[in-house]
Amino acid sequence: VIRIVFLGDIVAKPGRKALHKFIPKIKEDYKPDFIIANGENASGGLGITPSVVDELLFYGIDFITTGNHIWKHKEINDYLDNKSNKIIRPINYPISKSFTTPGVGFSKIDHNKYNILVINVLGRTFTQEVDCPFSKIEHFMENVDRDKYKIILVDFHAETSSEKVAMGWFLNGKVSAVVGTHTHVQTADERILDKGTAYISDLGMCGSMDTVIGVDRDIIIKKFLTCRPISFKYPEINLGVNGVVIDIDEDTGIAKYIKRINIREN
Ligand SMILES: [Fe+2]
Ligand SMILES: [Fe+2]
């Protein structure tokens, strides 16, 4: 059995501080073989820079998925293309003859004795009109060497629970785990679907838990009351980490266990 810890969106500096603080505890409590996290908000609340990738790896994260905010910092484009095999972007950004998209949407990872395939895919409902996440992943899966890659993890970065639940059932029995990211609010629906796929609609976030999804709550309340733009702040109030621990049978790729992680200062 391989034990995976998958953590939700790391939000700004408090998110990085929360990892620095709590990853030793996660390692002690869960003894994971592989720690993966969504880093799309890790730099200043939106996007991620190469130096922050390095910082997260230093804290003990083994691999980073992302989402719709991946393009915020331009330095990451070149990094996604050439300089890192530790970070991916959603697989269903369009590729045309006129324009390409930096990076890749999947990674075949050789981690200790395990071969792990990680796929990142972006939902379309209330996010962005990228290529169809369902057909994109279906086509991709047709060419996966299933004898070599039995442990397959999918980060479905999407807004609505219906789109996420649908993806869980769509990939049931085809991958080891489908975990949702993007909303920053952890859901209580983690379970193993009937064909052996671990599922949760959203992992939650890493950062300041007594905020509005990582952002200063007074600022966000003012934004709702005024309907005018306002600059965000990411204060440090009650650091925490959200995610799941998943056990997967490495011989079959079938998930055996999934449980929420919700650690916070208070
Ligand atoms: Fe996010
Ligand atoms: Fe997002």
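In listed order, ligands and their atoms are each counted from 1.
Salt-bridge check for R124 with E129: failed, with every basic side-chain N at 4.0 Å or more from each acidic carboxylate O.
Within E40, the N, O or S atom at minimum distance from the Fe ion (ligand 1) carries the name OE2. Sorting the N, O or S atoms of H182 by how far they are from the Fe ion (ligand 2) puts ND1 first. Of all N/O/S atoms in H157, NE2 sits nearest the Fe ion (ligand 2).
A 4.5 Å side-chain heavy-atom check between P133 and E163 finds at least one atom pair inside the cut-off.
For the salt bridge (charged side-chain N to carboxylate O under 4.0 Å, His left out) test with R3, the passing option among D249, D247, D33, D29 is D247; the others fail.
At least one N, O or S atom of N41 sits under 2.8 Å from the Fe ion (ligand 1). Not one N, O or S atom of D9 sits under 2.8 Å from the Fe ion (ligand 2). Not one N/O/S atom of H69, from backbone or side chain, sits under 2.8 Å from the Fe ion (ligand 2). For the Fe ion (ligand 2), the N/O/S atoms of N68 include one lying under 2.8 Å.
Here the CG-CZ distance, from L153 to F106, works out to 14.5 Å after rounding to the nearest 0.5 Å. Separating the CG atom in N120 from the OG1 atom in T181 is a distance of 6.5 Å, to the nearest 0.5 Å. In this structure, CG in D216 is found 13.0 Å from CD in E236, a value given to the nearest 0.5 Å.
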